[in-house]
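Provided herewith is a single structure, encoded as structure tokens, for subsequent inquiry.
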Protein chains: 2
Amino acid sequence: MNKPFLIGVDLGGTNLKTALLDLDGKILEKIVVNTGKGKDIVLKQIVDVIENLLNKTGKKKSEITGIGIGTPGLVDSEKGIIRGLTNIKGFENVHMKEYVESTLDIPTSVDNDVNVMAYGELKCGAGKNAINIVCLTLGTGVGGGIIIDGKIYRGSSLSAGEIGHIPVNVDGPKCICGGRACLESYIGRDRIIKRTVEKLTHEKESIIPKLVGGDLKKVTPKVVYEAAAMGDMLAIEIWKETAQYLATALAGIINVLNPELIVIGGGVANAGKYLFDPLRNMTKERIFPFLAEKIQIVHAQLGEEAGIIGSAMMAKDSIIASSKSF
Amino acid sequence: MNKPFLIGVDLGGTNLKTALLDLDGKILEKIVVNTGKGKDIVLKQIVDVIENLLNKTGKKKSEITGIGIGTPGLVDSEKGIIRGLTNIKGFENVHMKEYVESTLDIPTSVDNDVNVMAYGELKCGAGKNAINIVCLTLGTGVGGGIIIDGKIYRGSSLSAGEIGHIPVNVDGPKCICGGRACLESYIGRDRIIKRTVEKLTHEKESIIPKLVGGDLKKVTPKVVYEAAAMGDMLAIEIWKETAQYLATALAGIINVLNPELIVIGGGVANAGKYLFDPLRNMTKERIFPFLAEKIQIVHAQLGEEAGIIGSAMMAKDSIIASSKSF
């Protein structure tokens, strides 16, 4: 018989979110703390928060099927090693799975945050009835996770899914990845802000300067969304442009991978219909007509809790699968 | 015990190639005839040629594990139905598998020609030790086949792999697929010719007009290759441009799918180093550095026989797998 509970951990640069869930991915209790500074502090913090969660809910370790940990950066999910994590100092080649398992004696899985989000949407969110899904997160960067045949597709060196680094032009701006004209270099958070500020120098009719009290350093995608919702034409145009870059990349993904579902999350996706309406139209214009009839492009459903739910569900499935193989 | 022979059929618009092979994909005897005109003629032709092949080699039907048929166009490989075939009149929704099996009483599989080529390269060609491979054919169009985990990846509506229809620019020429700025609309055979002829109107130094006796309607990719081999700068530049468009699409494929191998075949790929040298350099400049160290971009090995060998190997594996499931 399976143990009735899971623990999901969403390790971000700002917050460390931890929750107790049932085996269906329902959150029963959640603890959110600020992520500490430095590797050793964070490792201890994760273990402490999990123990607090067990005490608070009166659960025993023997009732937990597994712990799932999702984190940004490069993760070797087979070995449970975090290869690199830009937002937390010293997080290089950290044997996270080994550390947590040896300290708490509960089976643990570790994966990249976008893979985890994709898996959460597959099991408990927008992708419940799909088998081939491509997930994107739009934020500071553009992340991606690919589900093929109901499983995370990881590629030959465990680095598949880098949708932010699909070139959308033959030539274009240099990208932080070393490439050129990558999707992320047009629609990453800072590029949306930059395009907005540049447009504002030519176009004086926008409400955006008023919304930021005249300080254009305060422009954010949220402000551009709010302006669009007020009918601001410049803001609406920024979202259309963003949709056009994204549609270019999605058209390639859909024609090549032929998934039935595209799920888009992350803060920038909160622009809602100002992004999604032109995105759906522009993408469908660029793919095979018979695919345009079938493809669904939807907003992620799990929002802020995708990391917790996804990592817990991934822990459940990977741990149950590996225990069966013994 | 497996029956010791396979039959591979490569049904093209011009030629119908059929061969007897051993279970390792070695061709033992081959018959090539001109493809007939019209659906009924072609169906009868396929069966007749297979019977001729059996007579010629003295083999019995009971010695054949299976027949594999590869064909361009849209194929429902699960049901063995050819949905559409542009080069042969009346080839719509043809139940090829059913027809051949009921006529010859030998298990038959049918698949798209680029999937078949990819499978041939996986089993007997450039991809023998790989598990995640992306194959391209460069010809009139740009075709693609994707191998994931050692199996053809077909997607949710059996149409995955349309690499020719990855957009390589946000804006650009209208494509026959209905999309815009697709790879094929820059590097399909006719577009290579068109770019060459356009360049010749500005640049008078080229040897190409001499190679075609002054008649620019006779320019082909082969002529552009021959000119490049003679050191013609305009021709070399055409291959560099072609490489740049292709590198843009490949960079996206590699960053997203993280295969270990890219295999490129088709007539246009015969440009050899004039295409492959700039292609390898430009692709590696645009992908993550750790992937650039690992990815192999190679010329297909099976050439003209990829269709025969690939379809035979696919028949073998799919028929053995399905007989095991009984």
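Convention: sequence-line order gives letters A, B, ...; per-chain numbering from 1. Please read these numbers as outputs of a predicted model, since none were measured by experiment.
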Give, as side chain, backbone, both or neither, the part of B:Y186 having an atom under 4.5 angstrom from any heavy atom of chain A.
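Neither the backbone nor the side chain of B:Y186 comes within 4.5 Å of chain A.
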
Is B:N93 atom CG crowded by more than 12 heavy atoms from other residues, nucleotides or ligands, each under 6.0 Å away?
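Atom CG in B:N93 is packed in, count exceeds 12.
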
Atom pair CG (B:L257) and CG (A:L257), whose distance is rounded to the nearest 0.5 Å:
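It comes to 5.0 Å.
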
Considering only heavy atoms, which portion of B:L261 lies under 4.5 Å from any heavy atom of chain A: side chain, backbone, both, or neither?
neither

Tell me, for A:L291 versus chain B, whether the close heavy atoms (under 4.5 Å) come from the side chain, the backbone, both or neither.
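Just the side chain, heavy atoms under 4.5 Å.
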
Within this structure, what is the CZ-CG distance for the pair A:F290 and B:L74, rounded to the nearest 0.5 Å?
5.5 Å

Is the shortest side-chain heavy-atom distance between B:Q244 and A:V170 below 4.5 Å?
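Side-chain contact under 4.5 Å: yes.
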
B:T248 side, atom OG1; A:R180 side, atom CZ - distance, nearest 0.5 Å
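Between atom OG1 of B:T248 and atom CZ of A:R180 there are 10.5 Å.
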
Decide if atom NZ of A:K194 counts as having more than 12 heavy atoms of other residues, nucleotides or ligands within a radius under 6.0 Å.
no

Of all heavy-atom pairs linking A:R286 and B:N169, the shortest is NH2-O, 3.0 Å

Any side-chain heavy atom of B:Y153 within less than 4.5 Å of one from A:N132?
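In contact.
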
Exceeds 12 heavy-atom contacts within 6.0 angstrom, atom NZ of B:K240
no

Can you tell which of B:G161, B:P289, B:A247, B:G144 has the highest number of heavy-atom pairs within less than 4.5 Å of chain A?
B:G161

Between B:I146 and chain A, which part of the residue has a heavy atom less than 4.5 Å away: side chain, backbone, both or neither?
side chain

When the 4.5 angstrom heavy-atom criterion is applied to B:E285 and chain A, the contacting part is backbone

So which of A:I148, A:V134, A:D149 has the biggest tally of heavy-atom pairs under 4.5 Å with chain B?
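Maximum pair count with chain B is reached by A:I148.
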
Within a 6.0 Å radius of atom NZ on B:K174, are there more than 12 heavy atoms belonging to other residues, nucleotides or ligands?
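It does: B:K174 NZ has more than 12 such atoms within range.
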
Mark yes when over 12 heavy atoms from residues, nucleotides or ligands other than A:E78 sit less than 6.0 Å from its CD; otherwise mark no.
no

Between B:P167 and A:A251, what is the shortest heavy-atom contact and its length?
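Where B:P167 meets A:A251 most closely, the heavy atoms are CG-CB, 3.8 Å.
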
Between atom OG of A:S159 and atom NZ of B:K294, what is the distance when rounded to the nearest 0.5 Å?
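The NZ atom of B:K294 is 7.5 Å from OG of A:S159, to the nearest 0.5 Å.
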
Based on non-hydrogen pairs under 4.5 Å, which of A:G172, A:A130, A:S157, A:G155 is most in contact with chain B?
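With the most close heavy-atom pairs to chain B, the winner is A:S157.
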
Name the region of B:L183, side chain, backbone, both or neither, that has any atom closer than 4.5 Å to a heavy atom of chain A.
neither

Drop me the distance from B:C175's SG to A:N255's CG, to the nearest 0.5 angstrom.
9.0 Å

Verify the distance criterion only: is there a donor paired with an acceptor across the side chains of A:N258 and B:S156 at less than 3.5 Å?
no

